[in-house]
Number of protein chains: 2
Amino acid sequence: MTAEVKPAPLQLTERQEARRRRILHASARLASRGGFDAVQMREVAENSSVALGTLYRYFPSKVHLLVATMQDQLQHMHEALRKRPPTDQDAAARVAQTLMRAFRALQREPHLADAMVRALTFADRSVSPEVDTVSRLTTAIILDAMGLEGPPTPEQLSAVRVIEHTWHSALITWLSGRASIAQVKIDIETVCRLIDLTAPTPSSR
Amino acid sequence: MTAEVKPAPLQLTERQEARRRRILHASARLASRGGFDAVQMREVAENSSVALGTLYRYFPSKVHLLVATMQDQLQHMHEALRKRPPTDQDAAARVAQTLMRAFRALQREPHLADAMVRALTFADRSVSPEVDTVSRLTTAIILDAMGLEGPPTPEQLSAVRVIEHTWHSALITWLSGRASIAQVKIDIETVCRLIDLTAPTPSSR
DNA sequence: ACCCTCACTGGAACTCGTTCTAGGCTAGCG
DNA sequence: CGCTAGCCTAGAACGAGTTCCAGTGAGGGT
């Protein structure tokens with residue numbers, strides 16, 4: 001009945017690591033073409049030279065696969081952003097700048113963005129751990145941009161969560177054509193004001 | 001000509017209106033039981049004594065159906081909220097209070113909430129008009145809670161959008177078990193500070 | 001060398017959203 | 001009345017995600 005799903009080998013062999021990469025690559029490529037719908041499990045399997053069953057051993061569902069794809073992409077983005085950190089004086093401005101930069105990166109592959117974000121918000125409890133990882137990555141990016149010295153206060157963490165919420169949701173409204181880029185920009189800037197509000201760093205502590 | 005999709009009869013007969021109600025009712029009932037997955041089109045059709053094809057004539061997809069269900073529920077909630085408007089002195093607090101009240105209402109039927117919200121964020125362009133309606137309803141609720149006198153400024157509208165983003169996204173994280181209610185409350189309260197921040201009201205600042 | 005385990009393969013099978021078809025019913029109109 | 005348009009019904013059919021199964025092969029332990 002309740003099949004005890006293998007907890008996925010913690011240590012992958014080289015061949016397995018290669019398979020995993022091929023799968024993620026195929027997933028991203030298909031997603032770039034036609035978004036969520038274009039990522040068809042059979043096709044991902046074929047394109048990565050892996051049997052369908054194997055694909056499901058690596059990623060137990062399409063949503064898992066796409067969320068993992070997002071993790072992958074976020075890693076890259078995080079590194080790219082690290083290399084050219086925002087320069088603005090103001091923390092809020094730095095965060096807004098960073099997010100808009102990320103936004104423009106996603107704009108270049110709107111279908112891929114669509115697939116990943118849709119998967120992310122469609123994910124149910126069974127994907128929580130993976131979604132959480134994505135969330136932590138996003139948090140890390142924002143905290144980096146804030147460039148604060150000490151550890152963030154609970155207040156700041158809440159502000160960061162709100163910014164993340166806004167970021168995801170704004171992305172969705174843009175992807176589904178219900179908001180313009182200008183509007184997204186304004187909303188991002190609006191929400192980033194919370195940073196100044198929760199951290200007038202210069203004197204306290 | 002191009003795709004000849006019936007634009008849905010603008011004026012429904014009484015029997016048709018009754019059918020529509022039955023469908024929405026069945027949809028909500030099934031959703032309350034088991035969330036998104038439990039809303040199966042065949043079953044909705046059976047439970048509302050309507051042929052599958054007819055169901056699809058009324059709601060062209062499962063997502064359309066669930067978004068319409070959400071419209072319906074939001075209407076009710078809006079009315080309920082109107083009857084007992086929040087009392088707090090502070091606009092931000094009133095909005096936070098209202099949203100938490102709505103939140104607790106959704107808590108009572110977490111599966112239903114899950115189904116509706118998942119549908120909402122999963123919706124693609126073809127559902128934009130309906131999603132937009134839901135968005136407008138939510139906006140109306142928030143603006144009501146703000147209780148402002150004149151028309152809202154663009155700044156305020158942006159703040160309201162951000163609050164909506166946060167609301168949806170926080171709801172999702174709670175539904176997928178990645179955030180506690182306490183956390184949602186904090187985040188809602190955090191984002192509501194934007195209201196005071198953008199308000200041209202004759203108070204401080 | 002031999003065997004055993006276990007991941008991988010190819011493909012069938014099942015579910016559920018969605019579409020399509022053929023026929024029946026109703027309402028309005030001559 | 002009888003006719004014509006639509007709307008509705010029952011049910012088959014199709015597509016994509018997911019599961020299952022029998023067989024194969026390669027690495028590790030003996």
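Residue numbering restarts at 1 for every chain, and letters A, B, ... go by the order of the sequence lines.
With sequence neighbours excluded, the residues satisfying side-chain contact (heavy atoms from CB on, under 4.5 Å) with A/Arg94 are A/Pro86, A/Asp88, A/Ala91. A/Arg82 meets the salt bridge (Lys or Arg N to Asp or Glu O under 4.0 Å) test with A/Asp144; sequence neighbours excluded. Taking A/Glu109 as the reference, nothing meets the salt bridge (Lys or Arg N to Asp or Glu O under 4.0 Å) condition, with sequence neighbours excluded.
Residues B/Leu137 and B/Ile141 have side chains not in contact (no heavy-atom distance under 4.5 Å, counting atoms from C-beta outward). Contact check for A/Leu55 versus A/Phe59: side-chain heavy atoms found under the 4.5 Å cut-off.
Distance CD (B/Glu46) to C1' (D/dA10): 12 Å, rounded to an integer number of Å. Across the protein-nucleic acid pair, B/Tyr56 atom OH and D/dA13 atom P stand 18 Å apart, rounded to whole Å. As a whole-Å value, the separation of B/Arg19 CZ from C/dC25 C1' is 11 Å. Nucleotide D/dC20 holds its P atom 15 Å from the CZ atom of A/Arg42, rounded to whole Å. Across the protein-nucleic acid pair, A/Glu14 atom CD and D/dA26 atom P stand 17 Å apart, rounded to whole Å. Atom C1' of nucleotide C/dA27 and atom CD of B/Gln16 are separated by 12 Å, given to the nearest angstrom.
Under a 3.5 Å cut-off, the side chain of B/Lys185 and the backbone N or O of B/Met100 do not form any donor-acceptor pair. B/Glu189 places no side-chain N or O within donor-acceptor distance of the main-chain N or O of B/Ile186, the cut-off being under 3.5 Å.
Between the side chain of B/Arg57 and the base of D/dT9 there is no donor-acceptor pair of N/O atoms closer than 3.5 Å.
For the pair A/Lys62 and A/Phe122, the cation-pi criterion (under 6.0 Å, within 45° of the ring axis) is not fulfilled.
If you check residues 59-71 of chain B against DNA chain C, the residues with a heavy atom closer than 4.0 Å are B/Ser61, B/Lys62, listed by number. Residues of residues 22-41 of chain B having a heavy atom closer than 4.0 Å to DNA chain C, listed by number: B/Val39, B/Gln40, B/Met41.
Between A/Ser48 and A/Ala26, the shortest heavy-atom distance links the atoms CB-CB, 4.2 Å.
Taking the nucleotide of DNA chain D with the nearest heavy atom to each of B/Leu52 and B/Leu55, the more 5' of the two is matched to B/Leu55.
The CG atom of A/Leu81 sits 10.5 Å away from the CD atom of A/Gln97 when rounded to the nearest 0.5 Å.
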Before you tell me yes or no, could you show the steps for B/Gln40 and B/Leu30 under side-chain contact (heavy atoms from CB on, under 4.5 Å), namely the whole-Å CA-CA distance, both residues' side-chain angles and the distance that decides it to 0.1 Å?
CA-CA 8 Å; B/Gln40 303 196 353; B/Leu30 288 172; over 6 Å; no

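In this structure, B/Arg15 reaches neither bases nor backbone, as no heavy-atom distance under 4.0 Å exists between it and the strands shown.
Distance from the side chain of B/Thr54 is smallest to D/dC8 among C/dT9, C/dT19, D/dC8.
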For DNA chain D, the expected dot-bracket line (Watson-Crick or G-U under 3.5 Å, [ ] crossing, | inter-strand) is ||||||||||||||||||||||||||||||

